[in-house]
**Student:** 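Okay, here's the structure, questions in a sec.
The chain is numbered in sequence order, starting from 1.
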Amino acid sequence: MNLKNLVLVFSVGGPLLMQTLRADASVDPRFGAMTHFAQGWNHDWAWIASMRNIGTVRDELYWNQVETQPGVYTFPAYFDDYMDTLRVAGITPLIVLDFENPNYDGGMTPYTAQGMAAYAQYGVQVLKHYGSEIKAVEIWNEYNGTWCTGPATLDRSGTYAKMLQQAYTQIKAVRPDVTVLGGSTINVPLPYWEKLMQDGALSSMDALSIHPYRYNSPPEGIENDVIALQNLTKKYNNGQTKPIWVTEIGWAIQDGSLPGTIAIDEPTQAKFLVRAYALLLSVNVQRIYWYLLHDDQDIMGLTTPDATPRQSAYAMQIINTELAGTTFATRESTLPGLYSMLFTRLNGTQVRVIWSLQPTTVTVSGQTRVTDMVGNDVGVSSQLNLSDAPVYVEGPMQGLPPSPPAETLLTDSTRDFSGTQGQNGWWYGAFVGSSTALQLMTNYAVTDWTQVWGNGYPYNDVTPGDQHPSSTGSQPVSAVRRWVSTTEGTIHVVGQFQWSGGGGDGVGASILINGQPLFRKLLGNGNVISYPFDFLQPVHVGTTIDFTVDPGPGTDLSFDATSTSATITLALTAAAQQNLSSTAWVFDGTPPVTTPPSGTLLADSVAGFSGTQGLNGWSYGDFVGGTTTWNPMPSFAGSVWGSAYPYNSVSAGDQHPSVSNNQQVAVVRRWTSTYAGTVHVIGQFQCGTQGDGVGVSIYVNGQRLFRQLIGGGAATQYNFDLTPVIQVGSTIDFAVDPGPALDLNFDATALNATISTN
């Protein structure tokens with residue numbers, strides 16, 4: 001049948017529709033949609049897909065309907081009918097091979113060799129029956145989610161890898177040209193993917209399939225999920241990645257009235273579609289399937305059930321038209337929040353997809369055509385008005401504002417999450433009640449979904465992206481993600497808390513610097529569900545920044561999971577603490593009591609010693625040549641901190657000074673305060689009886705309180721009992737220098753010191 005200029009008249013759900021296919025429509029195989037023809041959709045929806053320039057759809061041919069008796073394969077007429085319609089409409093199907101069959105393994109997901117072999121043979125029979133019409137198949141759907149049942153759930157990755165290997169081998173034996181997709185995961189759970197790769201799954205798939213839904217978040221960042229999966233693939237594939245197909249992605253239209261949801265209207269859904277597709281193409285995703293072509297159980301369709309197109313339908317059609325046959329060239333460097341994705345057509349013409357998360361106007365030149373996301377001609381002007389609604393700009397455009405000088409990235413809370421406390425500067429723990437003393441979490445596990453730190457408090461955990469608070473008795477228990485600075489200067493902290501709940505009474509989200517809160521914001525339960533932050537903060541080695549989530553106004557723990565993301569960069573210039581966000585710092589609720597009672601132990605030099613600079617408030621370094629310039633020690637071996645200076649070291653109980661070019665090198669144990677007020681500093685220095693002795697000193701904020709010579713014929717012990725007044729961030733230095741001369745023999749000096757509230 002010749003479809004050129006064909007006029008179709010058909011019925012969908014009752015109303016008659018008349019449409020004319022565009023004879024010059026370009027169909028790009030990268031842009032598809034999910035359909036449910038196997039569930040009984042009217043086959044005429046294939047024509048509607050075609051009219052929206054959709055050249056591929058994802059659907060199913062259910063195993064239990066193809067093989068109703070063991071070894072007997074009969075294809076229902078409605079399967080053949082919808083496949084015929086797709087063929088005539090010029091649409092290529094991606095077929096998901098699923099689900100259970102009651103003839104095998106008790107009607108549960110295949111877990112025995114017999115069940116897996118039968119599943120593989122079902123795939124072979126599907127390909128034999130439909131021949132070259134099927135060019136790609138997907139092995140199961142969301143195996144890591146609810147579509148896996150029975151004993152297979154006890155080892156999802158291992159069982160899936162075996163089933164995948166069986167299916168891949170048999171399918172390739174009869175159709176080596178077919179692309180076999182593996183994984184088909186809901187979201188992008190890296191721990192699950194790593195288990196699959198460890199089980200050898202990569203050798204049994206031609207491409208990886210994922211469903212990177214973001215539900216109540218905009219698309220920006222979705223590209224990082226793909227990059228993380230690509231990097232993981234390289235780890236298990238000799239440094240090479242594999243193609244990635246996004247076989248489901250979409251956003252439901254919703255009013256945002258339900259707890260934990262954001263408002264997404266028709267224009268927003270269309271914006272998210274274009275932005276997501278552009279971002280995914282920018283990281284070399286080869287196919288993208290929107291879920292769904294029309295509304296089914298959720299309002300996620302490109303059209304309503306009566307075929308009324310939404311803005312997203314036009315957006316799908318236009319992105320296919322504008323980017324058909326293009327190759328992604330580069331993501332152009334420009335202002336933060338402004339995205340310019342450059343594509344090149346086969347004839348060399350440049351086309352950009354451009355949007356800005358904040359409205360802005362830029363002065364540009366060279367563009368020959370500007371089109372909005374639904375196909376309207378915007379007109380060419382030197383002033384390009386940008387918003388969160390993407391536009392297509394054709395031609396060699398110039399003039400985008402350059403990106404500001406890049407700040408040095410120190411850490412990313414998600415990327416640098418670890419199963420080792422203190423790695424990359426991050427610690428995971430809890431605050432109990434009003435205390436800001438961090439109780440480190442001791443239980444670490446890797447699930448199919450994530451990595452997680454936890455403790456004995458119910459639900460209290462921290463993952464790469466989430467934190468969940470708890471309670472004990474009537475006291476709140478905050479989930480805490482702490483970063484300890486290893487640098488001096490001003491840092492730039494940017495990120496967001498977002499409550500993920502669907503009920504409950506909400507949570508409180510806070511950031512504390514050295515134990516003192518910058519803000520506390522209530523999220524959920526009628527309040528906003530997200531709170532961004534963007535601030536400058538002066539830091540020293542050992543400064544602590546705590547990202548905390550508490551149970552909120554009460555101790556209801558229902559739906560309290562809260563996503564936390566933060567990047568910390570070294571600011572380009574020194575600055576005082578400054579809020580750069582348009583959101584003012586607030587303190588919702590009653591401020592916690594952060595002043596502990598008199599006599600509360602704040603620090604112990606021996607018990608608090610560790611192999612991590614800044615942990616428990618303690619850092620280890622030296623002063624050279626009589627100065628008080630702090631030089632942190634770079635190396636920790638066994639149980640001793642050291643530097644390049646001879647004998648210069650700090651252990652749990654001792655300190656040994658050094659010399660350099662006839663200058664004294666004082667060895668220093670520094671405590672950085674998270675408390676403001678008068679403290680009680682008590683303890684003693686003690687050296688040996690041999691050698692010429694040492695000098696011992698205590699400094700507060702670089703000001704020496706005393707220096708005492710001990711040993712070398714004088715008393716070998718010096719007791720101290722001090723009550724200085726300090727602030728949050730104040731430093732107390734316990735220093736040992738070589739003494740009256742530069743003789744280093746027998747200069748090891750014991751120190752024990754406790755610091756308590758007065």
**Student:** Test your reading of the model: is there a side-chain donor-acceptor pair from S312 to the backbone of A270, 3.5 Å cut-off?
**Tutor:** no
**Student:** Using modelled atom types and a 3.5 Å cut-off, is there a donor and acceptor pairing between side-chain atoms of S478 and backbone atoms of V480?
**Tutor:** no
**Student:** Charged N to carboxylate O under 4.0 angstrom, K195 versus D155?
**Tutor:** no
**Student:** Please examine the side chains of I253 and M300, heavy atoms only from C-beta on, and report whether any two atoms are closer than 4.5 Å.
**Tutor:** no
**Student:** Would you find a donor on one side and an acceptor on the other, under 3.5 Å apart, between the side chain of R214 and the backbone of E220?
**Tutor:** yes
**Student:** Among R287, K172, K242, find the residue that satisfies the salt bridge (charged side-chain N to carboxylate O under 4.0 Å, His left out) test when tested with D206.
**Tutor:** K172
**Student:** Tell me if the aromatic rings of Y78 and F37 count as close, with their centers under 6.0 Å from one another.
**Tutor:** no
**Student:** Can you confirm whether or not the ring centre of W290 sits under 6.0 Å from the ring centre of F31?
**Tutor:** no
**Student:** Counting only N and O atoms by type, is there a donor-acceptor contact under 3.5 Å from the side chain of N424 to the main-chain atoms of S418?
**Tutor:** no
**Student:** Check for a donor-acceptor pair, side chain of T153 on one end and backbone N or O of T149 on the other, with a separation under 3.5 Å.
**Tutor:** no
**Student:** Is there a side-chain contact between L273 and W251 (heavy atoms, below 4.5 Å)?
**Tutor:** no
**Student:** Quick check: do V66 and T74 have side-chain heavy atoms less than 4.5 Å from each other?
**Tutor:** no
**Student:** Just to verify, which of W193, Y143, Y192 counts as forming a side chain to side chain donor-acceptor pair (under 3.5 Å) with T185?
**Tutor:** W193
**Student:** If the threshold is 4.0 Å, N to carboxylate O, is there a salt bridge linking R310 and D295?
**Tutor:** yes
**Student:** Has E60 got a side-chain atom pairing as donor or acceptor with L97's backbone, closer than 3.5 angstrom?
**Tutor:** no
**Student:** Less than 3.5 Å apart, any donor N or O on the side chain of T112 or D105 sitting next to an acceptor on the other?
**Tutor:** yes
